[in-house]
Protein chains: 2
Amino acid sequence: MDVARSELFETSTPVACASCQARHGVVCGALSSGQLRELNRHSLRRKIEAGCEIIAQGAESSFYSNIMRGVVKLCKVMQDGRQQIVGLQFAPDFVGRPFVRESTLSAEAATDAEICVFPRNLLDRMISETPELQRSLHDQALKELDAAREWMLTLGRRTAGEKVASLLYLIATHAEPQTATSTAFDLPLSRAEIADFLGMTIETVSRQMTKLRKRGVIHIENFRHIVVPDMDELQSMTSA
Amino acid sequence: MDVARSELFETSTPVACASCQARHGVVCGALSSGQLRELNRHSLRRKIEAGCEIIAQGAESSFYSNIMRGVVKLCKVMQDGRQQIVGLQFAPDFVGRPFVRESTLSAEAATDAEICVFPRNLLDRMISETPELQRSLHDQALKELDAAREWMLTLGRRTAGEKVASLLYLIATHAEPQTATSTAFDLPLSRAEIADFLGMTIETVSRQMTKLRKRGVIHIENFRHIVVPDMDELQSMTSA
DNA sequence: GGGATGCTTTGATCTAAATCAAACAGCGAT
DNA sequence: ATCGCTGTTTGATTTAGATCAAAGCATCCC
């Protein structure tokens, strides 16, 4: 293999990432092996328990991370305590707000999770040096923007029942395929968190879930484990 | 001035843009004068009447645009006709979804507007050749993402009165300073559009506006023209 | 086992906002 | 002027979802 081919191969193929191991995030895939080695020297793999905050709303953060495993929720809270989940992120998403130090939202592990943490300064430098990385992060931002706008439609115009069905469908669609069938999954969110994602109350969430159960659209194995016999039927409940 | 200084100057300073004239958008500011000339050869300045669609939801679009003047609303509609405005854009914002041909939302002029239209293929090429442009568009995407998430909080957790106050405050904040005082502005949206932005009905919008009027927070000169005597008071109505 | 404790479900009631219905105001066309 | 036509306000009524309240059910600890 000549040099040109070799370099092309190294920059365009995910290279084993010591910190991230087999999983490759938005960041790792866009770096050359040299950059990856440098990033790895300064990055840290961390296990995060469900409920732990990764970034606090209003705080200055000096690091970014990649999700290796688990689900992270992005949350905004008002002074009086009302709160709204504004995004759910799954492996291998990137967590952080490029170009702005102060976070306007909090990021918190919804489930036990593993993240790969690296310093902000270093990645910012790499972004400015690596168009492919910029592009990769740009892509993720646009993907999140599409998701946020889709959710705005849900928040503004769907009924309680449609909202719950939309959430279940979203999670079923994004769940890690740990279970053999794609029709069973663990809910990464409590009823209270679901309420905060859907802009409603715990009680209404619960009532709508039992309504879906009684209609046979879902089976509730236990609070956190859901079986969906027919995904198309669930999808059809997301709008009239 | 030597060559190096001259080039630096040309790439880092907005260059007069024939099509866009004095106003410079996200795109123009990031291009070299050579690229700008090429873009100008293929771009078109267009006047758009209020209500005209720029991009249709679900359609493939072969162009992007910059807003020169006016307000553009981004809208999603469901099969049964329910609809939600998911973004408002003001001059000199960029309109279009880089990297994806099919639009998941429609863009429509909310007021009479002028836009600068240029071919998708050409700009896509320039994006890949110009890290500064990529960065500029990345910035705009992140800004829109922040705005979308802020609005999710409004949609999910604010009351009708708070929603209306939030919208008025948003518009007052982004309005072009055509009027001498920053406390008077034209509403770019009809009551129906406001309702679609806030996820509620026309009647509720109207009632909440008269409530604000009766409390003296706003004066309604006519349907479209609003005066805000005390901006801080308006802001305080956006949350309890 | 028997409490505590922390979710979750279920029930009864209330209310903010939707819906239904009418009147009103601006405006261009005849 | 008068007649539509469209967008807005106001009023009466209904309802989806919130709130208030209690009971069910796991899990952990003694």
Side-chain angles (χ1 to χ4, degrees), chain A residues 49-51 73 78 80-84 110-112 154-168 186-215 218-226 237 239-240, chain B residues 49-51 73 78 80-85 110-111 154-168 186-215 218-226 237 239-240:
Chain A
E49 282 186 8
K73 58 176 181 169
M78 294 167 63
D80 62 7
R82 282 178 283 177
Q83 62 180 68
Q84 175 70 42
T111 64
D112 289 345
T154 298
L155 287 172
R157 291 304 187 192
R158 283 196 231 263
T159 65
E162 291 169 346
K163 284 179 174 180
V164 169
S166 298
L167 177 79
L168 294 176
D186 289 324
L187 268 182
L189 303 176
S190 68
R191 298 290 183 270
E193 290 171 315
I194 293 175
D196 282 337
F197 198 20
L198 297 172
M200 47 200 233
T201 60
I202 325 179
E203 294 95 325
T204 305
V205 170
S206 179
R207 277 184 249 271
Q208 295 300 331
M209 293 206 39
T210 71
K211 197 178 279 183
L212 286 175
R213 176 170 56 72
K214 284 182 180 161
R215 286 190 190 175
I218 59 173
H219 298 201
I220 303 181
E221 304 285 289
N222 66 49
F223 300 146
R224 291 289 190 135
H225 197 74
I226 304 288
M237 306 295 293
S239 57
Chain B
E49 282 186 7
K73 58 176 181 169
M78 295 168 62
D80 63 7
R82 283 178 282 177
Q83 63 180 70
Q84 174 70 42
I85 295 180
T111 62
T154 298
L155 286 173
R157 290 305 187 192
R158 284 196 231 262
T159 64
E162 292 169 346
K163 284 179 173 180
V164 170
S166 298
L167 177 78
L168 293 176
D186 288 324
L187 268 182
L189 304 177
S190 69
R191 298 292 183 270
E193 290 171 314
I194 293 174
D196 282 337
F197 197 20
L198 297 172
M200 46 201 233
T201 60
I202 327 179
E203 294 95 325
T204 305
V205 170
S206 179
R207 277 184 248 272
Q208 295 299 333
M209 292 206 39
T210 71
K211 197 178 280 185
L212 286 175
R213 175 170 57 72
K214 285 182 179 162
R215 286 192 191 173
I218 59 173
H219 298 201
I220 304 180
E221 304 287 289
N222 65 50
F223 300 145
R224 290 291 189 133
H225 196 74
I226 303 288
M237 306 295 293
S239 57

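So that the names make sense, note that chain A is the first sequence line, chain B the second, and so on, each numbered from 1.
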*Asks:* Are the side chain of Asp186(B) and the backbone of His225(B) linked by a donor-acceptor contact shorter than 3.5 Å?
*Replies:*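 Not at all, since once roles are kept as given, no pair shorter than 3.5 Å links the two residues.
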*Asks:* Polar pairs (N or O, both sides) under 3.5 Å between protein and nucleotides 26-28 of chain C?
*Replies:*
none

*Asks:* With a non-hydrogen cut-off below 4.0 angstrom, is Ser190(B) in contact with a base, only sugar-phosphate, or nothing?
*Replies:*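 Sugar-phosphate, backbone atoms only, no base.
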*Asks:* For the residue pair Gly199(A) and Leu155(A), what are the closest heavy atoms and their distance?
*Replies:*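 Nearest heavy atoms, Gly199(A) then Leu155(A): N-CD2, 4.0 Å.
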*Asks:* Would you kindly give the CG-to-C1' distance between Leu212(A) and dT9(C), to the nearest whole Å?
*Replies:*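 Interatomic distance, CG of Leu212(A) to C1' of dT9(C): 15 Å.
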*Asks:* Tell me whether the side-chain N/O atoms of Arg213(B) come closer than 4.0 Å to OP1 or OP2 in dT10(D).
*Replies:*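 Arg213(B) to dT10(D) OP1/OP2: side-chain N or O found under 4.0 Å.
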*Asks:* Any side-chain N or O of Thr201(B) under 4.0 Å from OP1/OP2 of dA18(C)?
*Replies:*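 Yes, Thr201(B) has a side-chain N/O under 4.0 Å of OP1/OP2 on dA18(C).
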*Asks:* Measure from CD1 on Ile194(A) to P on dG17(D) and round the result to the nearest Å.
*Replies:*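 Roughly 16 Å, once rounded to whole Å.
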*Asks:* Nearest to the Thr210(A) side chain among dT9(D), dA18(C), dT9(C), which nucleotide is it?
*Replies:*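 So the nucleotide nearest the side chain must be dT9(C).
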*Asks:* Take atom CG of Asn222(B) and atom C1' of dG7(D), then tell me their distance rounded to the nearest Å.
*Replies:*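 Value for this atom pair: 12 Å.
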*Asks:* Determine: side-chain N/O of Ser206(A) to OP1/OP2 of dT8(C), distance under 4.0 Å, yes or no.
*Replies:*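 Negative; the distance criterion is not met.
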*Asks:* Check Ala110(A) against Ala50(A) and note the closest heavy-atom contact, atom names and distance.
*Replies:*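 That would be O-CB, 3.6 Å.
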*Asks:* Taking only the side-chain nitrogens and oxygens of Thr204(B), find out if one of them lies under 4.0 Å from OP1 or OP2 of dA16(C).
*Replies:*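 The answer is no; no side-chain N or O of Thr204(B) sits under 4.0 Å from OP1 or OP2.
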*Asks:* Suppose we screen for salt bridge (charged side-chain N to carboxylate O under 4.0 Å, His left out). Which residues come up paired with Arg157(B), at least two apart in sequence or across chains?
*Replies:*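 Once residues adjacent in sequence are excluded, the partners of Arg157(B) under the salt bridge (charged side-chain N to carboxylate O under 4.0 Å, His left out) criterion are Asp196(A).
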*Asks:* Could you state the CG-P distance from Leu155(A) to dA16(D), rounded to the nearest angstrom?
*Replies:*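 After rounding, the reported distance stands at 20 Å.
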*Asks:* Could you tell me whether the side chain of Arg158(A) and the main chain of Ala165(A) form a donor-acceptor pair under 3.5 Å?
*Replies:*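 No.
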*Asks:* Give the rounded distance in Å between these two atoms: CD of Glu221(A) and C1' of dT8(C).
*Replies:*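 Nearest whole value for this atom pair: 17 Å.
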*Asks:* Whole Å only: how far is the CZ atom of Arg158(B) from the P atom of dG17(D)?
*Replies:*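 Computing the Arg158(B):CZ to dG17(D):P distance gives 21 Å.
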*Asks:* Rounded to whole angstroms, how far apart are CZ on Arg82(A) and C1' on dA16(C)?
*Replies:*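 It works out to 13 Å between those atoms.
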*Asks:* From CD1 of Ile202(A) over to P of dG6(C), roughly how many Å is that when rounded to an integer?
*Replies:*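 The distance from CD1 of Ile202(A) to P of dG6(C) comes to 14 Å, rounded to the nearest Å.
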*Asks:* State whether the number of non-hydrogen atoms from other residues, nucleotides or ligands found under 6.0 Å of Arg215(A) atom CZ is greater than 12.
*Replies:*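 Atom CZ in Arg215(A) is not crowded, with 12 or fewer foreign heavy atoms closer than 6.0 Å.
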*Asks:* Quick check against the 3.5 Å criterion: does Glu162(A) have a side-chain atom that pairs as donor or acceptor with the backbone of Thr154(A)?
*Replies:*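 The answer is no, because no donor-acceptor pair under 3.5 Å joins these two groups.
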*Asks:* Gln83(A) side chain to Met78(A) main-chain N or O, any donor-acceptor pair under 3.5 Å?
*Replies:*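 No.
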*Asks:* Anything under 3.5 Å between a protein N or O and an N or O of nucleotides 20-24 of chain C, put it in a table, one pair a line.
*Replies:*
unit_1, atom_1, unit_2, atom_2, d
dC20(C), N4, Glu203(B), OE2, 3.1

*Asks:* For Lys163(A), run the side chain to side chain contact (heavy atoms under 4.5 Å, CB included) check against Val205(A), Leu198(A), Thr204(A) and tell me which one passes.
*Replies:*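 Of the listed options, the one satisfying the test is Leu198(A).
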